[in-house]
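Working notes, structure below.
A, B, ... follow the sequence lines: proteins, then strands. Residue 1 opens every chain. Hydrogens, waters and symmetry mates play no part in the numbers below; they use all other heavy atoms, side chains included. Small disclaimer: the values here were computed from a predicted structure and weren't measured.
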Protein chains: 2
Amino acid sequence: MNTRFAVAVHILTLLESNAGEPATSEWIAGSVNTNPALIRRQLRELAKAGLTRSQMGPGGGALLARPAERITLVDVYRAVTEDSDIIPIHESPNPNCPVGRTIQACLEQRFQAAEQALENELGRTTIADLLSSISSFECEA
Amino acid sequence: MNTRFAVAVHILTLLESNAGEPATSEWIAGSVNTNPALIRRQLRELAKAGLTRSQMGPGGGALLARPAERITLVDVYRAVTEDSDIIPIHESPNPNCPVGRTIQACLEQRFQAAEQALENELGRTTIADLLSSISSFECEA
DNA sequence: CTAATGTGTAACTAATATAGTCACATAATG
DNA sequence: CATTATGTGACTATATTAGTTACACATTAG
């Protein structure tokens with residue numbers, strides 16, 4: 001897997017921390033420490049998933065499309081992973097071998113169950129939870 | 001992630017299906033449909049994790065190091081992933097931003113919980129379970 | 001001893017994925 | 001219409017991954 005999931009969560013947390021003010025890709029890129037164009041590409045994915053929306057022009061930028069309390073990590077996860085499996089299975093095992101012929105279907109079943117468990121756990125945290133974790137961390141420090 | 005986990009499970013299932021007879025890397029490679037040297041590299045990892053052992057010379061090959069009933073998918077998973085995280089976090093966010101400064105620690109916590117859930121689910125299946133799934137699949141067909 | 005069989009492993013290549021960058025068209029605002 | 005900001009295509013550099021070759025070393029049988 002790539003770091004797009006982590007970056008996407010970072011972006012959404014930033015948007016929530018910005019209290020309804022549109023955030024420019026340049027400002028976000030400054031916090032993530034990368035390129036604005038990269039951020040805009042990520043925002044495109046998040047917008048497609050209905051998690052953010054963007055306003056063009058001066059004073060524009062990105063906003064959460066719905067309350068942070070109603071965006072969980074699994075929403076973000078699905079937005080960035082699309083349909084690709086997180087645990088890939090090797091291609092073209094030998095069809096003349098009983099194990100080779102059947103292993104993919106068996107693995108797919110087990111791996112999907114495992115990924116489902118991962119998604120369930122991700123569904124327990126919202127962007128709002130994350131921001132409050134960050135806030136309390138900041139207060140301690 | 002890469003397909004090494006899937007291949008490793010394939011290998012172990014093959015070893016179990018071979019009923020205690022040493023399996024050569026060439027035979028295993030025939031079922032996985034890849035190169036014997038690749039299989040030997042994987043077997044090295046599995047041996048290091050205590051899941052297999054190998055005998056050199058004629059009549060040699062790889063064997064399970066313990067009963068298939070006592071090898072779960074999470075054992076294999078840990079053998080191939082070592083300590084690398086399955087959900088990576090982006091490096092070097094901006095330390096001058098409250099969110100950037102703290103996001104990594106927060107993400108790590110949540111991602112680890114999710115990976116733990118995935119591992120728990122993987123722990124519910126043994127290599128013996130997999131082989132019997134395959135066998136029953138073969139009988140139906 | 002030695003020929004044959006098989007593992008262990010280093011070195012290399014090709015293909016793919018990933019992150020990053022640049023340039024510019026397009027849209028909105030005042 | 002000048003400015004600000006997004007949307008997006010094209011490109012590059014780097015890392016990861018899978019695959020391949022070659023050969024040293026271990027074991028067994030004859």
Quiz item: Of the nucleotides D/dT20, D/dT6, C/dG20, which one has an atom closest to the side chain of A/L38?
Solution: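 Output: C/dG20.
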
What's the [atom1]-[atom2] distance between [X] and [N], to the nearest Å?
X	N	atom1	atom2	value
A/L15	D/dT6	CG	P	11 Å
A/I39	C/dC22	CD1	P	16 Å
B/H90	C/dA19	NE2	C1'	13 Å
A/E45	D/dG7	CD	P	13 Å
A/R53	D/dA5	CZ	P	17 Å
A/M1	C/dA19	CE	C1'	15 Å
A/E21	D/dA5	CD	P	13 Å
A/F5	C/dT18	CZ	P	15 Å

What are the two closest non-hydrogen atoms of [X] and [Y], and how far apart are they?
X	Y	value
B/S132	B/D129	OG-O, 3.0 Å
B/E119	B/R78	OE1-NH2, 2.6 Å
B/L122	B/L73	O-CB, 3.3 Å
A/A29	A/P36	CB-N, 3.7 Å
B/P93	B/G100	CG-O, 3.3 Å
B/L43	B/T52	O-OG1, 3.7 Å

Self-check item: Base versus backbone protein contacts along nucleotides 22-30 of chain D [heavy-atom cut-off under 4.0 Å; B, S, -]
Solution: B--BBBB--

Quiz prompt | Neighbour count >12 (heavy atoms, 6.0 Å) for atom CZ, B/R124 | solution = no

Quiz item: In terms of heavy-atom contacts, does CD of A/Q116 have more than 12 from other residues, nucleotides or ligands at under 6.0 Å?
Solution: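 Enclosed.
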
Self-check item: Parallel, tilted or perpendicular, as decided by the 30° and 60° cut-offs, for the rings of A/H90 and B/H10
Solution: tilted

Self-check item: Degree of bending, the helix from C/dC1-D/dG30 to C/dG30-D/dC1 (end axes from five pairs; round to 10°)
Solution: 20°

Quiz item: When you measure from the side chain of A/N94 to the backbone N and O of B/G30, does any donor-acceptor pair fall under 3.5 Å?
Solution: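 Side chain of A/N94 to backbone of B/G30: a pair is present.
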
Exercise. Give a yes or no on whether the backbone of B/L64 and the side-chain of B/E16 come within a donor-acceptor separation of less than 3.5 Å.
Key: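 Flag not set: sc B/E16 to bb B/L64 has no pair under 3.5 Å.
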
Mind checking [X] for me? I need base, sugar-phosphate or nothing, with any heavy atom below 4.0 Å counting as a touch.
X	value
B/N35	base
A/A29	nothing
B/A47	nothing
B/R41	base

Exercise. Kindly state which residues belonging to residues 96-106 of chain A come within less than 4.0 angstrom of DNA chain D, counting heavy atoms of the residue only, listed by number.
Key: none

Quiz item: Is B/K48 salt-bridged to B/E45, going by a charged N under 4.0 Å from an acidic O?
Solution: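 Salt bridge between B/K48 and B/E45, a charged N being under 4.0 Å from a carboxylate O: no.
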
Below 4.0 angstrom from OP1 or OP2 of [N], is there any side-chain N or O of [X]?
X	N	result
B/T3	D/dT17	no
B/R44	C/dT9	yes
A/S25	D/dT6	yes
B/T34	D/dG19	yes

